[in-house]
Amino acid sequence: MTEAILTAHDLTIGYKSGRRPPHVVAGDIDVSLDHGEFVCLLGPNGAGKSTLMRTLAGMQAPLNGCVHIAGRDIAEMSATAVAQLLSVVLTDRVSAGTMTVRDLVGLGRYPHTDWIGRFTPEDQKAVSWAIHAAGAGDLELRNVAELSDGERQRVMIARALAQQPDLMILDEPTAFLDLPRRVEIMALLRNLAHTTRKAVFLSTHDLDLALRCADRIYLLPSEGVMQTGAPEDLVLNGAFEAAFGSDGVRFDSDSGAFRLSPERGHATVDVAGKGRHAYWTKRALERAGFQVRDGASGCRVDVLEGETVTWRFDRGEATMEFYSIYDLIAVIRCEMGIHTLRESGKTG
């Protein structure tokens, strides 16, 4: 085990409002963050993720407990001392005017410069390293206002790296990005944590990527105590299912993905087959609102793979064959929907 760069003990987070009792968002938080560790903070909307991020970064005072960075109480440190150890990347778009990428990244050096912000050759070297470490070398001389969202996020990560912190805290760094860019940013941050030995801590709603990339997850539910552990630990002990369950959606601990709950009145369909065609057939049926099983019942879909893939729907009294999942689903919706209504006595 490496020495923790950040620890929080007996932490209660929330807000004070004049003479009224403080509003407690979450309590009993005990966490640590190690050098070289990539940690994701997950939780439902309104659980207090942003409040926790601000408290750990020293931007908001805790209601109780303390936060230590590099063994020092963050509440007793100057802003410059904190900035030399910790960098923060927020979701807010920075208004950079006509600044170039290199100029913006250079802002990250000010916690290390003299009182007039004079750069040394060492500062220039740190800026160059940060730009290339963030994969933004080809953007160095471009105007920040011309960048795409994905490019801008790389530049903001470079600015945070230019501070040469031991800990990077990022609030929703993949927000507003398309899927390929989200994957790129998560992979970049994970690689930076492991190669530079900086601790990287971020909040995200991207559950699937967090499960695949994080060394550890902090899971903050709407109610109850925050849990920490490897992604697989929190899936297997039911923490994810409890934290993210809601009407119409459930977390499937077998696949590690969210699934739509079956619609009321829709029946079970058995699927027989292996490989990717069978997998996507099951996904399509679940999306259509049916419960999918691998067993024997009166309603069955066989995925038949040969030169041409076909889907055979067998409902006992009739067998139909299809050449696309779209056509299969359309007929099953019609046939099974009518069947279910009749069984429940709701036909007119």
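All of these numbers come straight from a predicted model, not from anything done at the bench.
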>> If I compare all heavy atoms of A162 with all of A130, which pair ends up nearest, and what's the gap?
In response: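 For A162 versus A130, the nearest heavy atoms are N-CB, 3.6 Å.
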4.5 Å side-chain heavy-atom contact, [X] and [Y]:
{"X": "L139", "Y": "L147", "answer": "yes"}
{"X": "R300", "Y": "V269", "answer": "no"}
{"X": "F240", "Y": "L211", "answer": "yes"}
{"X": "V271", "Y": "V303", "answer": "yes"}
{"X": "Y218", "Y": "V39", "answer": "yes"}
{"X": "R142", "Y": "T100", "answer": "no"}
{"X": "Q163", "Y": "Q84", "answer": "no"}

With distance as the sole test, does [X] use its side chain to make a donor-acceptor pair with the main-chain N or O of [Y] at under 3.5 Å?
{"X": "H23", "Y": "S17", "result": "no"}
{"X": "D10", "Y": "G65", "result": "no"}
{"X": "K198", "Y": "P165", "result": "yes"}
{"X": "S128", "Y": "Q124", "result": "yes"}
{"X": "Q60", "Y": "G14", "result": "yes"}
{"X": "N143", "Y": "A145", "result": "yes"}
{"X": "R154", "Y": "A134", "result": "yes"}
{"X": "R118", "Y": "T113", "result": "no"}
{"X": "K49", "Y": "H205", "result": "no"}
{"X": "D123", "Y": "T120", "result": "yes"}

Once you round to the nearest 0.5 Å, how far does [atom1] of [X] lie from [atom2] of [Y]?
{"X": "F176", "Y": "S148", "atom1": "CZ", "atom2": "OG", "answer": "14.5 Å"}
{"X": "L41", "Y": "I217", "atom1": "CG", "atom2": "CD1", "answer": "9.5 Å"}
{"X": "C66", "Y": "L11", "atom1": "SG", "atom2": "CG", "answer": "8.0 Å"}

>> Could you check whether D73 and H68, counting side-chain N and O atoms only, form a donor-acceptor pair closer than 3.5 Å?
In response: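 Absent: no donor and acceptor within the cut-off.
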>> We want to know whether Q153 and R182 form a side-chain donor-acceptor pair, criterion being a heavy-atom distance below 3.5 angstrom.
In response: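 Looking only at side-chain atoms, R182 and Q153 do not form any donor-acceptor pair under 3.5 Å.
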>> For K274 and E305: C-alpha separation, side-chain torsions, deciding distance, then whether salt bridge (Lys or Arg N to Asp or Glu O under 4.0 Å) applies.
In response: CA-CA 9 Å; K274 296 181 179 179; E305 297 200 42; over 6 Å; no
> Mind checking what makes side-chain hydrogen bond (donor to acceptor under 3.5 Å, both in side chains) contact with R190, not counting sequence neighbours?
Replying inline: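 R190 satisfies side-chain hydrogen bond (donor to acceptor under 3.5 Å, both in side chains) with no other residue.
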> What about M77 and M59, same hydrophobic cluster or not, with Ile/Leu/Val/Met/Phe/Trp/Tyr joined at side-chain heavy-atom distances under 4.5 Å?
Replying inline: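 Linked within one cluster.
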> Knowing that exactly one of L220, D206, L219, L234 qualifies, which makes a side-chain contact (heavy atoms from CB on, under 4.5 Å) with L42?
Replying inline: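 Result: among L220, D206, L219, L234, L219 is the only option passing the side-chain contact (heavy atoms from CB on, under 4.5 Å) with L42.
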>> Less than 6.0 angstrom separating the ring centers of F201 and F38, yes or no?
In response: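 Ring centroids of F201 and F38 are no less than 6.0 Å from each other.
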>> Show, in sequence, the C-alpha distance, side-chain angles and deciding distance for R181 and D178, and conclude whether the salt bridge (Lys or Arg N to Asp or Glu O under 4.0 Å) test is met.
In response: CA-CA 6 Å; R181 303 296 86 76; D178 59 22; 3.8 Å; yes
> Do other residues, nucleotides or ligands put more than 12 heavy atoms under 6.0 Å from the OH atom of Y15?
Replying inline: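 Atom OH in Y15 is crowded, with more than 12 foreign heavy atoms closer than 6.0 Å.
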